[in-house]
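Read through the structure below, which is laid out as structure tokens, and then see the notes.
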Amino acid sequence: MRTLIKHVLVSTEPKESLTVNGWVRTRRDSKGFSFLELNDGSCLANLQIVVDAATPGYDRITEFTTGASAAITGRLVASPAQGQKWELHATQLELIGIADATYPLQKKGHTPEFMRSIGHLRPRSNLYGAIFRLRSKLAFAVHEFFQSRDFVYVHTPIITASDCEGAGEMFRVTTLKGKPDDQPESDFFGKKTFLTVSGQLEGETFACALSNIYTFGPTFRAENSNTARHAAEFWMIEPEMAFCDLRGDMDLAEEFIKSLAKYALEHCAEDMAFFAKFVDKGLNERLKFVIERPFIRVPYTEAVEILLKSGKKFEYPVSYGQNLQSEHERFLTEEHFKSPTTVFNYPREIKPFYMRVNDDGKTVTAMDVLVPGIGEVIGGAQREERPDVLMQQMAFHKLNPADYSWYADLRKYGTVPHAGFGLGFERLLMFVSGVSNIRDVIPFARTPGNAEF
RNA sequence: UCCAGAGUAGCUCAAUGGUAGAGCACGCGGCUGUUAACCGUGUGGUUGUAGGUUCGAGUCCUACCUCUGGAGCCA
């Protein structure tokens, strides 16, 4: 009967006999005995195993190299040396799978670039093990957050015919050979279809029935983006609330980010301490600040004024009516406010048609949540619920209303004010862990020119 | 896609236009409690690819490929 190392390490008393399975991280030989460090991925720490030369199986001790897999039975005793509370004195050694000298992971730090080239082996390292345990825990926390607030989890389609306008380039889905655009009517679905860039429009239909919903699933963007915070395939969380305005939307976004940061510190303490030590020295301070302090909320117009008055030289000039550049967003969140910052009420021209037009007629109820180090982590809005204004917005953005008839129906029949947002799960993981490249927080990153593994 | 930088041993990096090196990994030997163990010793190279300049190119030039950082697009 196997015991996971995470459970072994928190033992409260010695054990006569237990068995652990895992992969050897390192071996240190002395005369007459050896130390093995075994890791099974259940936690960051290794279990130190002391193997006396008389132990059955010791004749093959030199084959217990870094990367080899093993099953080891022994007595759990308090360790007499510094560095660990418990150690296992082996009584039985079994080598399951050898790892020869070509095993690429060494007992030393590797660059993230090298680790990406061995994506199938990198989860066996300290850093990537920690990242993917955190990812799992936070995915669970997302569900817990929404479920405990009576949000209904909706599986919006992956394959879709609707283009969530403004969200980006789409991957085409087709079974046709040659040029599928020439004959979309004979394609599998009888029309042009794509991988979803957002579940929002479909999510709105469910919010306008079940009140509060959320989606959490893969999302695809065919943009030729080569940055540390973009991937062609990523996971997005999109809550949508009926009978809710922009203020309620901003409240939820803020509460959500705080809740996940708090969850990570409470439920992933060992891995978070590792990030704070080796990835981002200021991590704990930053997360504490985020959890305890209210986010700054600033209207777009005011943000522009702050930027103009800052006296700071920007590469791209600031002017009303233009989208905020990365350098502008960074200045606001990293230098001016030094806090997560929600910018809201953007000019109508630069935001999608579905956002609600404000009384000034010039701005829409958009909001972006910016966080230090990452930039935009959430984009959301109160949706336009007035049928006539929605039609005007489609005309304003030169869209064909026939393509959005079902969407317009939500306003035709029992329309309600509603609002929601999209949060990039990987960007949140980057923020919470301090890991600076999106390729390192997703198991197998899909980026332009790269779909290995 | 644009701008900048970088590709040398399995990994991380050195090398004025003049004999390609170190640390780690790995092999062998030593060490009675180690902690990325330590000490000694050995193996290890088509210098990203293709051209060019030169008596001579890792080093200079051209093109391409890949990666990194920044920008745009956005989550």
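Only a predicted model underlies this, so the values are computations on that prediction, with no experimental measurement involved. Chain naming here is simple, since letters A, B, ... match the order of the sequence lines and numbering starts at 1 in each.
- Between A:F314 and A:F331, a ring centre-to-centre spacing shorter than 6.0 Å is recorded.
- Proximity of the aromatic rings of A:Y300 and A:Y320 is defined here by a centroid distance below 6.0 angstrom, and this criterion is met.
- Proximity note for A:M236 (side chain, C-beta onward) versus B:G33, B:C31, B:A75: the nearest is B:A75.
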I'd like a list of close polar pairs between nucleotides 5-8 of chain B and the protein, N/O only, cut-off under 3.5 Å.
none

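- With ring centers used as reference points, A:F295 lies 6.0 Å or more from A:F337.
- Between the base of B:U12 and the side chain of A:Q106 there is no donor-acceptor pair shorter than 3.5 Å.
- Contact annotation: the side chain of A:F35 approaches that of A:V50 to within less than 4.5 Å [non-hydrogen atoms, C-beta and beyond].
- Contact annotation: the side chain of A:D440 approaches that of A:R122 to within less than 4.5 Å [non-hydrogen atoms, C-beta and beyond].
- OP1 or OP2 of B:G33 lies within a sub-4.0 Å distance of a side-chain N or O belonging to A:S30.
- Aromatic ring centres of A:F216 and A:Y153 lie farther apart than the 6.0 Å criterion allows.
- A distance below 6.0 Å separates the ring centres of A:Y214 and A:H143.
- The A:R427 side chain lies nearest to B:C74 when the options are B:C74, B:C26, B:U34.
- Both thresholds, 5.5 Å between centres and 30° between ring planes, are met by A:F234 relative to the base of B:A75, so the two rings are stacked.
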Tell me, for nucleotides 65-72 of chain B in 5' to 3' order, what letter each nucleotide earns: B for a base near a protein heavy atom under 4.0 Å, S for only sugar-phosphate near one, - for neither?
--SSS-BB

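- Using a 4.0 Å heavy-atom distance criterion, A:G379 is classed as a sugar-phosphate-only contact.
- Rounded to a whole Å, the CD atom of A:Q48 is 8 Å from the C1' atom of B:G33.
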For a quick test of your reading: what N or O donor-acceptor pairs under 3.5 Å do the side chains of residues 446-453 of chain A make, sequence neighbours left out?
from	atom 1	to	atom 2	distance (Å)
A:R446	NH1	A:E452	O	2.9
A:R446	NH2	A:F453	O	2.8
A:N450	OD1	A:E452	N	3.2

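- The distance between atom CG of A:D52 and atom P of B:U34, rounded to the nearest whole Å, is 16 Å.
- In this structure, A:R25 atom CZ and B:A25 atom C1' are separated by 16 Å, rounded to whole Å.
- The residue among A:E376 and A:P104 whose nearest nucleotide of RNA chain B is located toward the 5' end is A:P104.
- Contacts of A:F35 with the nucleic acid, taken as non-hydrogen atoms under 4.0 Å apart, include base atoms.
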Taking it one step at a time, do A:E270 and A:R133 satisfy salt bridge (Lys or Arg N to Asp or Glu O under 4.0 Å)?
CA-CA 11 Å; A:E270 186 190 28; A:R133 280 187 296 271; 5.7 Å; no

